[in-house]
Every structure is written in structure tokens, then in C-alpha cells.
Amino acid sequence: MEQTTATLKGIIHPYEHYGEGLTQPIVEVKGLNVFSKNAQILKNIHLSVPKNKITVLLGPSGCGKTTLLKCLNRLTDLYSDLRLDGSIFIDNEDILNTPRDITEIRQKMGLLLQRPFPLPMSIAGNITYGLKLKGIRNKKILEAKVEKHLRDVALWDEVKDRLSHSANSLSIGQQQRLCLARGLAVEPEIILADEPTSALDPISSKVIEEEFIKLKNDYTIILVTHILRQAKRLADYVVFMYYGEIVEHGDAEEIFNNPKTALLKHYLESGY
Amino acid sequence: MQLKRKLADKLSSGWMIFSLAFFLLLPLAIGVGLVLKSKGLLHEHSLLDLLFSGNWAPSQNKFGFWPFIISSLWVTILAIVIAAPVCLLSAIYLSQFAPRWALKLMRPVIDILAGIPSVIYGVWGILVMVPFVSSLGAILNKETTGFSILAAALVLAVMTIPYVLNMLLEVFRQIPVELQEASLSLGATRWETIKHIILRKGLSGIISAIGLGFSKALGETIAVLMVVGNVVQLPKNAFSSGYTLPSLIANNYGEMMSIPSYDAALMFGALLLFAIILAFNFLFRYIIYKSEAL
């Protein structure tokens, strides 16, 4: 019994051994270019993402924010007509040119999409899916993880009596929180969020935003958004993109109060 | 103007209900018609006798449909067992792994396969499948002429594949790519994603595609008739000849009308076929209903 608790603690608090060097970059993109069949989607991207901060990718739609986000855990593999060159270092490992198994690297990152896409299984099954892939079979551990991560996203009290029901029976806002929880369950270091509140009602959006602020103590968050006010509420670090290029980046205060380029000034004033 | 628009609105919805009712009533009308036509036979023989007796001798007024029922089910089930895995694997490959041009190339090929008249499949069966089964039987030490359940099942499988494959491709196309992204980002491999997410999400669609393929295969007449052997017997194994219900009707309707009750017996055969297809449709509906609850 004691041993189980110890293992549990080990799993639940994976970041205790960090502590120092919190501001070192966790993601470094160097000279990234992405080409589709007949266009260049990202042009020479250089980017450092600070650890345990919320980094916001800002810019009008179609400027390559989502593509950049998907490059970070190589979901671009799914699209055979995309071609990538350059380097993306995550924990000092170039994930675009690594012989290592990509599935392990992907588990370092939790993904939250524009709309919730619950896996076709039960509520609890959504949480345990990634854990089972990791080889965790112990029922007690799985149950404890389900509860912990559902509590993390403030969903536990709403669903604790129907964990075995289909995840599709939840409301959209609940589904999105479930998607966040299942991403956290595999203990990522980074959360990739692609306009995670764009399909949600104001209250669910607020819950997600509050979660993010809490989560940045333990995780590094990269958030794509085109909602300027959301960016202002959440961002520690801002990357402003326009037509596949990074136009300006810096600390949130600096970017919002003191924009240097005309493009960013225009964007901040008009919102597009 | 206002009145005209309202009238058009009323009329159009009335017309829709009429067409819908027509399609709802059609199977009912067919069923009732078949029952009325085969009523004569049911007066003379008990239903159990008709269904489960193997004694088929129209000239002696003996009508046992059991060999036909068993042959039909053998051929159809074997055909689906052969076709379903092939369809599933190719649909997964085409929708998940194949480059886009391969899918573009395959679409017309599938359509052409689906459009080939069944009599041509029958000829192909006689020329290719029957000798193949015959030599396979020689290797396996089974007595066979080649005109057999297996030959019919193979021909049927090839005929069913384009239909089922087309439906499966549509099923997989409708599964959002974001679900795959979610699964991959949780650390799954491509194959784990296919196994746990895509097949599960598409389960009810897969079952209904196979169910429709089953109904089509069960009713297929001419190609089966040409290769199945048309011998009234209980098939011992897949190399035996058989005689399916559709072949029975197609071979004999309009002939030998001098034998009393023969006409009614063939109608009863049609009714049986109708009932079997209906029963399997309900079965598949039930499985789909169960799988959707997941």
C-alpha cells in the first residue's frame, strides 16, 4: 500500500525535480520552413519558448499559427503533401531529425484543438487511453489518475457518477475540459492549444482560461488565438505572425504597450 | 402571391410524404403479394415441413426448401467472410496511408467493377474460378466438379467488394482527422490509432456496409446460378455443388407449370428469400444500434 502511494506521488508530481532554471527555453525552433504542394506556409521561423509561461501565437487567420503548432509535435506527419525543413529542439532534442520514437516525444505535449474531439469511448476511457498506451494497467493507479485529472480541470464533480458513459454525452464545454484532462494525464511538459475556446460558450471559455493560468505553474503553454482580449488576459510572451512569418515577438507588456512594427500596431488597433 | 407561396409550400410537403409513403409501402406490398401467391402451398403443406424438409420432388408434390436455404446461406456467408477483410484492409489503406493519387485512381476502378454486368462475372467464374476450385479440390483430395459453393462464393465476393469498399471509404472519410491528431498526440502509433479510434468510431458504419453487402450477395442470381452447380442437395462442404433460392426461381419460373403447386412453391421460395433478407436486415440494425451505444 505504501509503495502504491509512493508510486502515485511520483506520477502525480513529475516536476518536483525541476525547480531551478525555470526560464530556460523548452522549445527552440530554428530556421523552420514548411512547404505545401504549391505554397510556402511558414518562412524561416526562429522562436524560443520560455518554460512555465503562456506563450501566445497571435495573428490573423491563415497566417500559419496552427501549422506552426502542429509542427511542434510533428502532427504534420499526417499530411503527406507537407514538407518541413529546419530544426525544432524540444528539451535539446531535434524532433525533426531524431531517430527516436516520435510517440514518446508526442507524449511530452498535450494537444487541445479548436473544437473538442472526445475519443469514441467512455469518459474515464478518454483519460486512461494515453496511460494504457504507456503500459500502465494497474486499475487503482488508473482510477486515481482519472479522478486527479478530472479534478484538475474542475470536471470531477460533474461527471463522477457517470464515468463509464460515452464522452459524447457531455456538453461541448465539458468535452473540451475532458480533452484538456486527457492531455494532462500523459504528463506532458508542454500544452499546445489551438484556439481552444473558439467553439465554447463564455462560461466554459472562462473555465479553460482560468485553468491555463493555474496550469502554467507546472506546464509550458503555447496558445494559438486570434482573440486579442484573450491574448491580453493570458499572455506572458507573445509571438505575432503574419503570412507565415514572425513579425515581432517579446514579453506581453512590451508587445501590447509598445509595438514596433506598423503591422502589429495596425493589428492591435483593428484586430485583424 | 402570398396564397400561391403557401399553396406551393403545402403541396411540396404533401408530395414528399407521398413519395416517402410509397417507399415505405413498397416492401409491404411485395411481402403481401408473395404471401397471397404462395398461400396455396401453405394450405397443402405444413410450414415446418416446407422449411426443414430436404425432400424436393415437385412431380410428387414434395417441396422441402432446406437444401436451398442452406446453399444460399453457405454461399453468402462464405462470400462475405472472404470479402469483408479484403474490403476493410483496402479501405483502411486507401483512406489512411495511400497517397492521394492512389485513391483518385481507385475510385473509377471501383465504379467500373461495380458496373460490370453480373452475367460477365458468371462467365469469368466458369472460365477461371470453376477450374481453380476444381484443381484446388484435387490438391486437397476433395471430390468436386468445380461447380461448387466455393466457386460461387468467390465470384460473389469479387462482385460484393466494390459495393462494400465504396461504402467503407465513405465511412472512413467522415471520421474527422482531428480525432487522429488527438490520438497521436496522446502517444499512439498510427496502427493503435486505427485500431482503437478509427475502427471504433466507424464501427456502426462498417457493420452497415457489410450488412448491405450481405443483402446484395444473398439476392445475386445469375452469376451464382452459372457456377454453383444447381444440384438439389445438402452441401457437405464448400466443394459440393448447391442450389440457391434465387437460382431456383430464375431457372424454373415459367416452366413446368403443369405440375400443380409448383408456381406457388416458387413464390414461396421468393417469400423465403425476402424473409431471410428482412431477418438479416433486422439483425444488422440491432447490432448497429448496440454498437452506437458505445
Side-chain angles (χ1 to χ4, degrees), chain A residues 37 66 69-70 72-81 101-122 125-136 164-169 175 178-180 182-188 190-194, chain B residues 88 90-107 168-210 287-294:
Chain A
K37 223 174 193 174
T66 299
L69 198 74
K70 285 181 179 170
L72 296 181
N73 65 356
R74 259 178 60 187
L75 281 180
T76 43
D77 290 2
L78 269 179
Y79 307 91
S80 51
D81 44 1
D101 184 10
I102 185 67
T103 60
E104 274 175 49
I105 298 168
R106 284 197 183 121
Q107 286 203 326
K108 288 185 182 181
M109 285 163 273
L111 178 70
L112 206 55
L113 295 161
Q114 291 181 7
R115 283 191 296 132
F117 285 91
L119 303 174
M121 45 188 84
S122 69
N126 265 271
I127 308 277
T128 56
Y129 180 72
L131 298 168
K132 285 181 179 165
L133 291 172
K134 273 185 162 180
I136 300 171
S164 60
H165 289 211
S166 163
N168 281 315
S169 63
Q175 285 182 15
L178 179 68
C179 290
L180 179 58
R182 83 178 168 204
L184 298 179
V186 295
E187 289 157 10
I190 305 163
I191 295 169
L192 307 175
D194 185 6
Chain B
L88 204 53
S90 9
I92 289 172
Y93 177 75
L94 281 174
S95 63
Q96 303 300 318
F97 296 106
R100 212 164 287 170
W101 60 261
L103 189 60
K104 266 191 192 154
L105 182 80
M106 277 308 288
R107 285 244 178 232
L168 285 181
L169 284 175
E170 195 54 32
V171 168
F172 289 132
R173 207 175 60 87
Q174 299 209 332
I175 296 175
V177 68
E178 285 89 345
L179 258 184
Q180 297 184 51
E181 292 183 349
S183 170
L184 290 177
S185 73
L186 290 169
T189 60
R190 283 302 284 278
W191 172 243
E192 284 164 339
T193 302
I194 289 168
K195 196 170 70 172
H196 298 301
I197 306 301
I198 294 185
L199 288 183
R200 200 145 162 187
K201 186 78 182 173
L203 189 61
S204 51
I206 294 169
I207 295 168
S208 75
I210 291 175
I287 301 174
I288 290 166
Y289 169 74
K290 281 280 160 196
S291 74
E292 271 170 354
L294 280 175

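Below, chains carry the letters A, B, ... as their sequence lines are ordered, and counting in each starts from 1.
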Between B:Lys201, B:His196, B:Glu192, B:Glu178, which has the largest tally of heavy atom pairs under 4.5 Å with chain A?
-> B:Glu178
Hey, does the side chain of A:Arg182 reach the backbone of B:Ala182 with a donor-acceptor pair shorter than 3.5 angstrom?
-> no
Heavy-atom pair count under 4.5 Å with chain B, highest-scoring of A:Ile102, A:Asn73, A:Leu119, A:Val186 | A:Leu119
A:Asp81, part contacting chain B, at a heavy-atom distance under 4.5 Å | side chain
Are A:Lys134 and A:Glu187 side-chain neighbours, meaning at least one heavy-atom pair lies under 4.5 Å?
-> yes
Begin from the C-alpha positions of B:Phe172 and B:Leu199 and carry the test side-chain contact (heavy atoms from CB on, under 4.5 Å) through to its verdict.
-> CA-CA 9 Å; B:Phe172 289 132; B:Leu199 288 183; 4.1 Å; yes
Crowded around A:Arg115 CZ? As in, over 12 foreign heavy atoms under 6.0 Å?
-> no
